[in-house]
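Values below: all heavy atoms of this structure, side chains included; hydrogens, waters and symmetry mates excluded. No experiment lies behind these values; they were computed from the predicted model shown. One is the number of the first residue; the rest follow in order along the sequence.
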Amino acid sequence: MCRAVYPGSFDPITNGHLDIIRRGCTLFDHITIGVLSNEQKSPLFTVAERIEMIRQVTEPLAEAAGTRIEAESFDGLLVDFAKRKRANCIVRGLRAVSDYEYELQMAQMNRHMQPDIETVFLMSADTYSFVSSRLIKEIFFLGRSVGQFVPPIVEARLQAKARQRQSAPERA
Ligand code: PNS
């Protein structure tokens, strides 16, 4: 039984993440999507909102692939979470060479701490190699459509956040 943890901030989940999960379904029997909850940066979506979106958009994938997919928050070390989930792999997507250095360092440190858990990198599809949650939020709030890059549910949630901001603008 191959069990994987796919960790990240997922603020919010994008089509690039979904592509990695879809392809992960061909490799793993069970995938836990781990949403980091103790982030330094202030996220747009709460952990509960991110998990809810992930659950909604991954449900059809799990049904189609016959893979068990779950989404949970975690704090503390990723390797400890992976161990609790009885995972033998950590999955990460690699977009560009610029991702590589950081990912290599993390994978090596994680292997040092937990040698029995292997990090598996999946290369992003060309279509999503430039997509990140950070850029999605930036271009959305600067007025462009992000419909090609996120599932419709996520786009609707971004629109709801924008409406919230309009009705209660932050004080300068
Ligand atoms: O999507 P992100 O923000 O690039 O995900 C980063 C994440 C969650 C994978 C990374 O920050 C992480 O693993 N955090 C948990 C704390 C931890 O284990 N730190 C040591 C890493 S070697």
Side-chain angles (χ1 to χ4, degrees), residues 1-47 49-51 53-55 57-58 61-62 65 67-141 146 148-151 154 158:
M1 176 99 168
C2 266
R3 295 172 65 94
V5 162
Y6 179 37
S9 310
F10 303 102
D11 184 39
I13 188 164
T14 68
N15 288 342
H17 294 127
L18 271 181
D19 176 56
I20 298 291
I21 298 165
R22 189 178 298 113
R23 286 156 54 205
C25 285
T26 66
L27 302 172
F28 306 107
D29 305 295
H30 188 289
I31 301 175
T32 303
I33 301 165
V35 179
L36 185 66
S37 66
N38 60 346
E39 271 188 284
Q40 310 290 322
K41 4 172 197 173
S42 50
L44 175 65
F45 292 100
T46 65
V47 171
E49 287 170 330
R50 284 180 266 163
I51 289 181
M53 286 186 274
I54 293 170
R55 287 188 179 145
V57 298
T58 55
L61 289 189
T67 302
R68 180 112 204 272
I69 302 178
E70 61 179 11
E72 267 183 39
S73 66
F74 77 100
D75 54 19
L77 285 175
L78 169 60
V79 286
D80 291 337
F81 176 64
K83 230 176 133 47
R84 280 200 301 281
K85 298 309 300 180
R86 292 181 292 118
N88 21 42
C89 288
I90 291 168
V91 181
R92 293 285 288 169
L94 269 188
R95 287 168 301 198
V97 180
S98 49
D99 283 344
Y100 178 77
E101 216 169 309
Y102 167 65
E103 293 295 336
L104 175 72
Q105 194 182 18
M106 261 201 323
Q108 287 178 327
M109 182 57 88
N110 283 336
R111 191 168 63 217
H112 179 79
M113 291 188 284
Q114 200 63 49
D116 55 342
I117 299 181
E118 202 61 59
T119 300
V120 174
F121 291 109
L122 296 182
M123 303 303 153
S124 286
D126 314 349
T127 351
Y128 305 121
S129 59
F130 55 92
V131 175
S132 72
S133 301
R134 185 182 63 80
L135 281 183
I136 294 295
K137 288 179 284 191
E138 189 171 322
I139 64 173
F140 174 80
F141 284 108
V146 291
Q148 315 167 51
F149 307 123
V150 294
V154 173
L158 283 164

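- Between Phe10 and Ile54, some side-chain heavy-atom pair lies under the 4.5 Å cut-off.
- Residues His30 and Glu70 are in side-chain contact: their nearest non-hydrogen atoms beyond the backbone lie under 4.5 Å apart.
- A heavy-atom distance below 4.5 Å is not found between the side chains of Lys85 and Phe74.
- Side-chain contact between Ile21 and Val57 is absent, with no heavy-atom pair separated by less than 4.5 Å.
- The minimum heavy-atom distance between Asp75 and Ser37, with the atom names listed, is CB-OG, 3.5 Å.
- One finds the CZ atom of Arg3 at 11.5 Å from the CD1 atom of Ile117 (value rounded to the nearest 0.5 Å).
- Interatomic distance, Asn110 CG to Leu77 CG, rounded to the nearest 0.5 Å: 8.0 Å.
- Using a 30° and 60° split on the angle between ring planes, Phe149 and Phe130 fall in the perpendicular class, above 60°.
- For the residue pair Tyr6 and Ile31, the shortest heavy atom distance occurs at CB-CG2, 4.2 Å.
- Test Arg92, Gln108, Arg95 against Glu103 for side chain to side chain donor-acceptor pair (under 3.5 Å) and you get one pass: Arg92.
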**Request:** Walk me through it: do Ile69 and Cys25 pass the test side chain to side chain contact (heavy atoms under 4.5 Å, CB included)?
**Result:** CA-CA 9 Å; Ile69 302 178; Cys25 285; 3.8 Å; yes
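- Using a 4.5 Å heavy-atom threshold, the side chains of Leu78 and Ile90 count as touching.
- Side chains of Leu122 and Leu27 form a contact here, defined as non-hydrogen atoms less than 4.5 Å apart.
- We find the CZ-CD1 distance between Arg55 and Ile33 to be 9.5 Å, quoted to the nearest 0.5 Å.
- Partner of Val131 under the side chain to side chain contact (heavy atoms under 4.5 Å, CB included) criterion, out of Val146, Asn15, Val150, Ile136: Ile136 alone.
- Across all their heavy atoms, Gly93 and Ile20 have their closest contact at CA-CD1, 3.8 Å.
- Closest approach of Met1 and Asn88 over heavy atoms only: O-ND2, 3.5 Å.
- Proximity of a side-chain donor or acceptor of Thr58 to a complementary backbone N or O of Leu61 within less than 3.5 Å is not detected.
- Between Glu72 and Phe81, the shortest heavy-atom distance links the atoms OE1-CE1, 3.7 Å.
- Side-chain contact check for Thr119 versus Arg111: every heavy-atom pair is 4.5 Å or farther apart.
- In plain terms, the two heavy atoms of Pro12 and Lys137 that are nearest each other are CD-CG, 4.2 Å.
- Note that OG1 of Thr46 is 9.0 Å distant from CG of Asp11, once rounded to the nearest 0.5 Å.
- Here Arg50 contributes atom CZ and Ser73 contributes atom OG; the two are 9.5 Å apart, rounded to the nearest 0.5 Å.
- The 12-atom threshold is not exceeded at CE of Met109, counting heavy atoms of other residues, nucleotides or ligands nearer than 6.0 Å.
- Counting only residues at least two apart or on different chains, the salt bridge (Lys or Arg N to Asp or Glu O under 4.0 Å) pairs with a member in residues 119-134 are Arg134-Glu138.
- Side-chain N or O atoms of Thr14 include one that pairs as donor or acceptor with a backbone N or O of Gly16 at under 3.5 Å.
- Using a 4.0 Å cut-off between a side-chain N of Lys or Arg and a carboxylate O of Asp or Glu, Asp19 and Arg23 qualify as a salt bridge.
- A donor-acceptor pair shorter than 3.5 Å can be found between the side chains of Asp116 and Gln114.
- Atoms CG and CZ, on Asp99 and Phe121 in that order, are 9.5 Å from each other to the nearest 0.5 Å.
- In this structure, the side chains of Ile51 and Phe45 stay at 4.5 Å or more apart for every pair of heavy atoms.
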